[in-house]
Amino acid sequence: MAISSGLPAPCSLLLMATLLLLLIVQAQSATRHYNFNVQMANATRLCGTKSIVTVNGEYPGPAVVVREGDRVVVRVTNHVAHNVTLHWHGIRQLRSGWADGPAYVTQCPIQTGRSYVYAFTATGQRGTLWWHAHISWLRATVYGAIVVLPKRGVPYPFAAPHKEVPVIFGEWWRADTEAVVRQALRTGGAPNVSDAFTINGLPGPLYNCSAKDTFKLKVEPGKTYMLRLINAALNDELFFSVANHTLTVVEVDAVYVKPFTVETLVISPGQTTNVLLTAKPFYPKANFYMAAAPYSTIRPGTFDNTTVAGILEYQKPGSPSMPSFDKDLPLLKPTLPRFNDTGFVTNFTSKLRSLATPQYPAAVPRSVDKRFFFTVGLGTLPCPANTTCQGPTNKTQFAAAMNNVSLVLPSTALLQSHFTGVSRGVYGSNFPTTPLSRFNYTGAPPNNTNVAKGTRLLVLPFNTSVELVMQDTSILGFESHPLHLHGFNFFVVGQGFGNYDAVNDPAKFNLVDPVERNTVGVPAGGWVAIRFLADNPGVWFMHCHLEVHTTWGLRMAWLVLDGGLPNQKLPPPPADLPKC
């Protein structure tokens, strides 16, 4: 006679464990629904009122707050005269490329009076990202924060702050930005620069008529605050500092980094940076500017060389919980680097390192299947026949390119053309893997600076490990280019100045704890090397996040093919995918 132990059979134990795991996952994950109505609203800045494109009448737009693992469903309805798309900048979009958002890359735009539901999961990510319009220059006012909190019960890898505050940098034009870009494209010249920078939509006291439009951060002595910094400016990298306070960098682009403390940081358009600011332990009897000003190496050229400021103010001892600004206190200003201080930028970016811990490993591809070398920079196109232009000469107009190809977006979406197998007449699969003509990239520019126009993709088999070197060029002057890759994070394994040396530079690559991000600056007059694993099927845009350069054609797209397994294939498009 068998004697029962009273324990379930191993199969039953496995089933019970699986059910328990599912219950835990379901308890931690949720579906977050948002309704975004794209609509016009009046906004008054710099003594003038204009009508701007917004989401839900808000500028900046509403924050999307989720937890790692949550499903996000955003219904976007277009109530304005412009075509619209939204991009969820930095979200991996694993097998959800239909929700990525760049116009004519993953979708046709949402036309006036129409809606589209963006649905995706925040998989394996936690931190600060952001969303923005991804058609023409509408992101000048259509943007907002994405906050991905860790899974419930999972702490930050640093002491939890007292409060978390999104700080979004933007740019403001008195003119309609769509008119600004239309004029530039019509004349072939550079677009007019912005009139002000903003912090959370406010220009602040250093601009005319703007003292009342100032972002103020109210703090208590001794408390630590996490500032979720986002650079949503169209065309400017920015230095940022808080007078008489230090900032401890703990995350970039929703990836934790080894903490380090600075007085000033640099943040490029498209990038995010989480910093910890610890208030002084006592009431300081002063207020402090939080200031941002541009980093630019454009020569010759113009840029918005102004400074935006918010104000850090302390709660007085024994006062009500919400302090009021005391204008009689001294107002201290930080000292920001000179506008063209490339040495400072290099020093700051070299400090960024992944945590590279068992919980947050740096999964750098150690072996490489395919290596690519792209030149990135400006160039020219001839003026249309019998016309003059306002480009570098009166016979040329400004252009930009990667490997001398200036991407022309088609009139239909690249991803849909690929998925349906109807690519003829839409795109070619022959994007050059190296420059078509070699020259001394950081020496004297070639006599012929014209670029080629075309719609070419670079095809990658699923799970290809990629190494890409991006090289700035001297054509029309050295310039830093913040390059953003959709659909992936990448590791920044190396960077330097001058021409990349394929023989000697790889020996200096950091394959242990390189920073992982989605937007990286190609140094002015230098190069950057990145590695990533092409494990996400779809068509993925890569472009300079200086909007003027994207407009001129500094953009390309990767086509990552399906893998052999069902979970390695791009699902069919949703039924409400917009039509062109």
Side-chain angles (χ1 to χ4, degrees), residues 237 252-253 255 257-258 266 268 270-271 297 342-343 345-354 356 361-377 401-404 431-435 438-442 458 460 463-474 478-535 540-545 549 554-558 560:
E237 301 177 85
V252 296
D253 291 1
V255 180
V257 297
K258 291 182 172 70
V266 66
S268 297
Q271 292 182 339
T297 58
T342 296
V345 173
T346 304
N347 183 51
F348 175 80
T349 56
S350 68
K351 294 176 181 176
L352 295 168
R353 292 283 187 272
S354 290
V364 193
R366 294 304 183 97
S367 61
V368 174
D369 297 322
K370 291 185 180 290
R371 287 183 166 86
F372 303 102
F373 182 85
F374 292 178
T375 53
V376 297
M402 303 179 77
N403 273 355
N404 210 49
F431 186 87
T433 59
T434 57
R438 298 177 182 274
F439 61 98
N440 180 3
Y441 307 117
T442 55
L458 203 161
L460 295 172
N463 253 5
T464 300
S465 58
V466 174
E467 181 180 285
L468 168 64
V469 175
M470 292 180 283
Q471 171 78 57
D472 185 32
T473 77
S474 60
F478 294 130
E479 195 165 349
S480 173
H481 298 281
L483 262 292
H484 172 50
L485 174 60
H486 290 227
F488 300 93
N489 280 356
F490 51 76
F491 292 93
V492 184
V493 296
Q495 62 180 34
F497 290 97
N499 295 338
Y500 173 69
D501 183 339
V503 174
N504 296 309
D505 284 330
K508 307 168 197 168
F509 284 179
N510 176 9
L511 302 181
V512 177
D513 62 351
V515 67
E516 179 183 354
R517 55 190 327 164
N518 62 61
T519 305
V520 67
V522 179
W527 56 270
V528 66
I530 66 172
R531 288 187 180 184
F532 66 96
L533 185 66
D535 60 353
W540 303 107
F541 206 24
M542 189 171 79
H543 60 97
C544 182
H545 225 278
H549 292 172
L554 211 170
R555 53 197 183 186
M556 59 83 66
W558 305 84
V560 179

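All values below come from the heavy atoms of this structure, side chains included, with hydrogens, waters and symmetry mates left out.
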side-chain contact (heavy atoms from CB on, under 4.5 Å) for His484 and Asn518? Distances and angles first, verdict last. CA-CA 6 Å; His484 172 50; Asn518 62 61; 3.4 Å; yes

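- Looking only at side-chain heavy atoms (C-beta outward), Val368 and Arg531 come within less than 4.5 Å of each other.
- Aromatic rings of Phe532 and Trp540 (six-membered ring for Trp) have centroids beyond the 6.0 Å cut-off, not under it.
- For the atom pair NE2 of His545 and CD of Glu237, the computed distance is 12.0 Å after rounding to the nearest 0.5 Å.
- Expressed to the nearest 0.5 Å, how far CZ of Arg555 lies from NE2 of His549 amounts to 13.0 Å.
- Screening residues 364-373 for salt bridge (charged side-chain N to carboxylate O under 4.0 Å, His left out) gives Arg371-Glu467 as the qualifying pairs, with residues at least two apart or on separate chains.
- For the side chain to side chain contact (heavy atoms under 4.5 Å, CB included) criterion with Phe374, the lone passing option out of Thr434, Thr433, Leu458 is Leu458.
- Using a 4.5 Å heavy-atom cutoff, the side chains of Asp535 and Phe488 are in contact.
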Apply the test ring pair (Phe, Tyr, Trp, His ring centres under 6.0 Å) to residues Phe431 and Phe372: give CA-CA distance (whole Å), side-chain angles for both, the deciding distance (0.1 Å), then the verdict. CA-CA 11 Å; Phe431 186 87; Phe372 303 102; 9.0 Å; no

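- The OG1 atom of Thr346 sits 3.0 Å away from atom CZ of Phe497, with the distance rounded to the nearest 0.5 Å.
- Contact detail for Leu483 and Cys544: the closest heavy-atom pair is CD1-N, 3.7 Å.
- In this view, Ala529 and Val469, Val493, Phe509, Trp527 satisfy the side-chain contact (heavy atoms from CB on, under 4.5 Å) rule, not counting sequence neighbours.
- A distance-only check finds no donor-acceptor pair linking the side chain of Asp513 to the backbone of Ala356 [under 3.5 Å].
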Output, in order, the C-alpha distance, side-chain angles, deciding distance and verdict of side-chain contact (heavy atoms from CB on, under 4.5 Å) for Trp558 and Leu485. CA-CA 9 Å; Trp558 305 84; Leu485 174 60; 3.7 Å; yes

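- Across every non-hydrogen atom of Phe491 and Ser354, the tightest pair is CE2-OG, 4.4 Å.
- For the pair Val376/Leu554, a side-chain contact is recorded, criterion being any heavy-atom separation below 4.5 Å from C-beta on.
- Judged by distance alone, the side chain of Ser465 and the main-chain N or O of Ser367 form a donor-acceptor pair under 3.5 Å.
- At a threshold of 4.5 Å between non-hydrogen side-chain atoms, the residues Met470 and His481 do not count as touching.
- Within the structure, salt bridge (charged side-chain N to carboxylate O under 4.0 Å, His left out) pairs that include any residue of residues 515-525 comprise Asp253-Arg517 (at least two apart or interchain).
- Taking OG1 of Thr442 as the reference point, atom CZ of Phe478 lies at 5.0 Å (rounded to 0.5 Å).
- At least one side-chain heavy atom of Phe439 sits less than 4.5 Å from a side-chain heavy atom of Thr473.
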Would you check, one step at a time, whether the test side-chain contact (heavy atoms from CB on, under 4.5 Å) holds for Arg353 with Asn510? CA-CA 10 Å; Arg353 292 283 187 272; Asn510 176 9; 3.5 Å; yes

Set out, in order, the CA-CA distance, both residues' side-chain angles and the distance that settles side-chain contact (heavy atoms from CB on, under 4.5 Å) for Asn404 and Thr375, then state yes or no. CA-CA 7 Å; Asn404 210 49; Thr375 53; 5.6 Å; no

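- A distance of 7.5 Å separates OG1 in Thr297 from CG in Asp472, rounded to the nearest 0.5 Å.
- Side-chain polar atoms of His486 and His543 form a donor-acceptor pair below 3.5 angstrom.
- You'll find the side chain of Pro506 reaches within 4.5 Å of the side chain of Tyr500, heavy atoms only.
- Taking CG of Asp501 as the reference point, atom NZ of Lys508 lies at 7.0 Å (rounded to 0.5 Å).
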